[in-house]
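Below: one structure, written as structure tokens.
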Number of protein chains: 4
Amino acid sequence: MNRSIIEIVNEQINKQAGISNKQQSVLLSATELFSMKGFNNTSTKDIASLAQVSEGTVYKHFKTKDELLHAGLLPLYKSVVAPEIVKEFTNELSQCKDLESFVDTFVDNRIEFIHKNKNLLKIILGEVMFNDNIQTLMYNLLQEMVAPAIESLIQNLKNNNQIDPEIRNHNAFQALATNTISVMLPVLLSHNYDVSKLNSDISATKYLLLKMLK
Amino acid sequence: MNRSIIEIVNEQINKQAGISNKQQSVLLSATELFSMKGFNNTSTKDIASLAQVSEGTVYKHFKTKDELLHAGLLPLYKSVVAPEIVKEFTNELSQCKDLESFVDTFVDNRIEFIHKNKNLLKIILGEVMFNDNIQTLMYNLLQEMVAPAIESLIQNLKNNNQIDPEIRNHNAFQALATNTISVMLPVLLSHNYDVSKLNSDISATKYLLLKMLK
Amino acid sequence: MNRSIIEIVNEQINKQAGISNKQQSVLLSATELFSMKGFNNTSTKDIASLAQVSEGTVYKHFKTKDELLHAGLLPLYKSVVAPEIVKEFTNELSQCKDLESFVDTFVDNRIEFIHKNKNLLKIILGEVMFNDNIQTLMYNLLQEMVAPAIESLIQNLKNNNQIDPEIRNHNAFQALATNTISVMLPVLLSHNYDVSKLNSDISATKYLLLKMLK
Amino acid sequence: MNRSIIEIVNEQINKQAGISNKQQSVLLSATELFSMKGFNNTSTKDIASLAQVSEGTVYKHFKTKDELLHAGLLPLYKSVVAPEIVKEFTNELSQCKDLESFVDTFVDNRIEFIHKNKNLLKIILGEVMFNDNIQTLMYNLLQEMVAPAIESLIQNLKNNNQIDPEIRNHNAFQALATNTISVMLPVLLSHNYDVSKLNSDISATKYLLLKMLK
DNA sequence: CATGAATGAGGCTTCATTCAT
DNA sequence: AATGAATGAAGCCTCATTCAT
């Protein structure tokens with residue numbers, strides 16, 4: 001089963017050798033607050049007080065609040081969290097022999113992922129608009145880790161005549177990702193959404209993706 | 001041809017009767033700055049100085065900075081700008097008799113729209129994550145104005161056997177919108193994007209949408 | 001009689017048109033505190049509270065604490081205070097027909113000046129070491145306003161065979177200034193100095209200066 | 001030849017018995033940083049990192065940053081550095097039999113000294129204004145070590161009818177010191193000074209001092 | 001003895017908002 | 001209605017100093 005990013009971060013932060021309990025607490029609190037309220041709306045005092053730490057401690061390892069995001073959290077995601085996620089995701093997908101199960105698994109897995117990481121994804125989507133560092137990080141993560149793994153699975157399916165050979169792998173991947181995210185937007189954006197409508201939209205999305213790719 | 005949102009706002013603000021020149025200037029400056037730098041990063045001083053108005057004047061009609069957004073700008077968008085945009089968009093779409101030209105027009109028109117309103121769209125996407133008011137506004141705008149208009153056009157095509165009757169109108173609309181936006185993400189996010197790759201992705205997207213909906 | 005710099009500043013600040021009472025108060029308080037405790041040891045909170053003003057007010061007209069010094073106080077000195085001082089000083093000196101009375105007046109006048117402006121002079125001497133802006137200002141002030149005025153009076157005395165023609169005017173001026181300041185160092189540096197010893201050193205200094213210049 | 005103060009401190013610190021390598025390193029780094037940036041602008045972290053020592057170590061022997069200056073560095077200067085300097089200086093001066101060579105040597109030696117110790121002298125001049133401890137130290141150093149040595153040499157010259165007997169020794173010393181420093185001010189204050197002008201001012205200063213004292 | 005993480009007071013600065021003119 | 005000076009809370013960050021290891 002998918003673990004949430006926060007769980008993975010938590011786990012990994014605890015494994016880091018050169019990092020004290022207080023600093024772990026700082027990173028976790030920052031992750032939590034940034035994802036709940038956004039970067040701009042989270043003060044260093046908020047972080048310190050949630051981490052039960054002095055404000056000075058926040059600055060012990062990270063010279064600025066920006067660095068806490070860019071040098072503290074994001075590299076952790078890139079080096080530890082993202083590979084873990086990609087592995088979990090592709091493991092599941094690689095067992096799908098036909099397009100139907102592939103699409104089914106892709107959508108369901110990502111929907112669960114979005115569900116579990118709702119808050120963190122919100123902050124990433126929010127920051128990515130105006131923050132070049134995050135933008136670059138996310139882009140590289142996508143291009144270098146996620147896309148190759150998924151596109152190789154798509155190629156396998158294509159080799160088995162499961163996917164329209166006219167469609168380039170990266171466009172197929174983009175369509176899968178995009179339409180999955182779009183169906184989940186109500187979940188990301190609001191606290192109250194209609195579950196039965198969501199489920200019917202998920203089915204519709206799978207139907208559309210199948211028609212699209214077959 | 002598509003006019004940019006800023007052009008429309010400009011035009012409409014000038015027509016408003018009960019609003020003084022100074023206040024018009026405030027609204028225009030706020031629109032411009034919010035769309036360039038985001039709501040949080042725009043100070044009332046910035047707005048006042050771009051509007052060539054005193055800081056006090058900004059507060060004459062709008063008691064808070066939030067109100068400038070919620071009571072000043074957003075209703076303006078809702079009541080004036082959005083209908084204008086929807087009208088321009090549906091006018092063009094309504095002349096398409098078959099699915100091919102419909103998809104073609106839909107994608108091309110929205111791409112031009114995104115191009116022209118890049119800055120404003122970025123800020124909206126950024127704010128929508130954490131700002132309930134904007135979220136609600138955008139949601140209502142979509143549900144009450146845009147979706148009905150487009151979905152009625154989709155129904156027409158369905159009536160003419162151009163679209164798979166299995167697909168519900170709102171899912172068709174969502175697919176059109178989502179995949180168009182997704183192909184434009186590189187434009188929204190970066191200053192440098194590969195135009196030839198963009199064009200080939202646009203073609204691929206149209207191809208996928210046609211397969212999907214037909 | 002010599003007025004102190006603070007008196008002149010006070011007087012001139014009050015005459016400035018575009019400057020409010022609060023801002024006058026800020027400038028005066030800054031002058032006073034910088035001269036008492038040095039620039040580094042004066043906090044903006046100190047300035048605000050002495051001026052009976054909020055800390056924000058300190059930043060209304062001066063974007064940074066540095067600017068309060070460089071753009072606020074120093075130009076005031078340059079444009080208003082320094083000319084006033086030079087005028088008062090040269091007026092008195094220009095009435096001296098022989099070297100004896102010139103040296104006498106020079107030393108006595110400057111001693112009174114140093115006495116009255118002890119605090120301000122301390123801060124200037126302290127800052128001038130590490131602050132290029134102040135350094136440049138003081139240098140220009142000396143070269144462009146003070147030196148020409150005094151050296152022209154020295155030339156007059158030379159024309160009347162009162163001063164050794166071998167001595168260049170600027171060296172004569174430097175000697176007068178330097179030896180006067182040096183005799184006053186105990187006053188600048190300590191709160192307790194021996195008045196009778198000071199007076200005897202003043203006489204000695206005048207004697208030395210006369211031998212030197214004659 | 002004159003050694004710089006830093007060289008002497010370095011030498012002497014290495015000789016101290018009851019002081020560990022780490023502490024030596026702390027003292028040297030503090031000397032260097034205080035003289036380059038001033039006391040206020042040097043942080044204990046700066047000192048620790050230049051000394052390649054932990055911040056805690058800086059506080060092992062010196063309870064406060066102030067004490068590092070007052071109990072650590074200044075006594076070292078007083079007990080070791082100053083006597084060394086005075087010895088070197090008076091050795092050279094004591095070989096001068098007439099006033100001409102005395103003035104010549106005095107000025108040249110001190111000019112070299114100022115040149116070599118430019119940075120350290122700047123910080124001392126800067127601190128002496130507002131720091132009573134340094135002020136007292138420098139005053140005592142001057143009164144108890146330097147002045148007696150030099151004034152005794154002046155007395156010798158006076159005994160040989162080289163110096164005007166009307167001039168008290170301490171005034172002669174003050175005049176020599178003051179005028180030498182004053183001619184070197186451009187060197188202390190700016191990175192760019194006119195060497196040929198400096199040399200001509202040095203000659204002029206010697207000429208004036210001779211007239212003064214003879 | 002040495003380390004360096006942790007502290008928390010305090011510094012500079014910004015900014016939405018108010019109010020006398 | 002408009003102005004802009006004034007406010008003061010809050011934000012980010014620095015730094016001398018302490019203390020558990």
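Note that the structure is predicted; figures quoted are calculated from it, not measured. So you know, we letter chains A, B, ... as the sequences are listed, proteins then strands, and number each from 1.
- Atom NZ in A:Lys60 sits about 12 Å away from atom P in F:dC15, given to the nearest Å.
- C:Leu121 is linked by a side-chain contact (heavy atoms from CB on, under 4.5 Å) to C:Phe113, C:Ile114, C:Asn117, C:Leu188, counting only residues two or more places apart in sequence or in another chain.
- Contact detail for C:Ala51 and C:Ser25: the closest heavy-atom pair is O-OG, 3.1 Å.
- Take C:Tyr59 and apply the side-chain contact (heavy atoms from CB on, under 4.5 Å) test, not counting sequence neighbours, and it matches C:Thr44, C:Lys65.
- A search for side-chain hydrogen bond (donor to acceptor under 3.5 Å, both in side chains) contacts involving C:Thr64 returns nothing, not counting sequence neighbours.
- At least one side-chain nitrogen or oxygen of B:Lys22 sits closer than 4.0 Å to the OP1 or OP2 atom of F:dT3.
- Regarding B:His61, its NE2 atom lies at a distance of 8 Å from the C1' atom of F:dA1, rounded to whole Å.
- Taking atom P on both F:dT21 and E:dC1, the two are 22 Å apart, rounded to the nearest angstrom.
- D:Leu69 has its CG atom 13 Å from the P atom of F:dA16, to the nearest Å.
- Of the residues in residues 48-55 of chain C, those placing a heavy atom less than 4.0 Å from an atom of DNA chain F are C:Val53, C:Ser54, in numerical order.
- On the nucleic acid side, DNA chain E has its first and last nucleotide under 4.0 Å of a heavy atom of chain C at E:dG11 to E:dT14, going 5' to 3'.
- Evaluation of the salt bridge (Lys or Arg N to Asp or Glu O under 4.0 Å) test over residues 19-31 of chain B, restricted to residues two or more places apart or in two chains, returns none.
- Taking five base pairs at each end of the helix from E:dA2-F:dT21 to E:dT21-F:dA2 and finding the rotation axis that steps the C1' atoms of four pairs onto the next four gives two axes whose angle is 10°, to the nearest 10°.
- Scored by the side-chain hydrogen bond (donor to acceptor under 3.5 Å, both in side chains) test, C:Thr42 finds no partners at all (sequence neighbours excluded).
- Applying the salt bridge (Lys or Arg N to Asp or Glu O under 4.0 Å) test to residues at least two apart or on different chains, the pairs with a partner in residues 40-49 of chain A are A:Lys37-A:Asp46.
- Checked against side-chain contact (heavy atoms from CB on, under 4.5 Å), B:Leu28 has the following partners two or more places apart in sequence or in another chain: B:Val9, B:Asn10, B:Ile13.
- Taking atom NZ of residue C:Lys45 and atom P of nucleotide F:dT7, one finds them 15 Å apart after rounding to whole Å.
- Taking the side-chain contact (heavy atoms from CB on, under 4.5 Å) definition, one finds that A:Asn40 meets it with B:Asn40, B:Asn41, sequence neighbours left out.
- Protein atom CG of D:Asn41 is 13 Å distant from nucleotide atom C1' of F:dT14, rounded to whole Å.
- C:Ser49 meets the side-chain hydrogen bond (donor to acceptor under 3.5 Å, both in side chains) test with no other residue; sequence neighbours excluded.
- Phosphate proximity of F:dA16 to D:Lys65: present, with a side-chain N or O under 4.0 Å from OP1 or OP2.
- Looking at heavy-atom distances under 4.0 Å, B:Ser43 makes contact with sugar-phosphate atoms alone, never a base.
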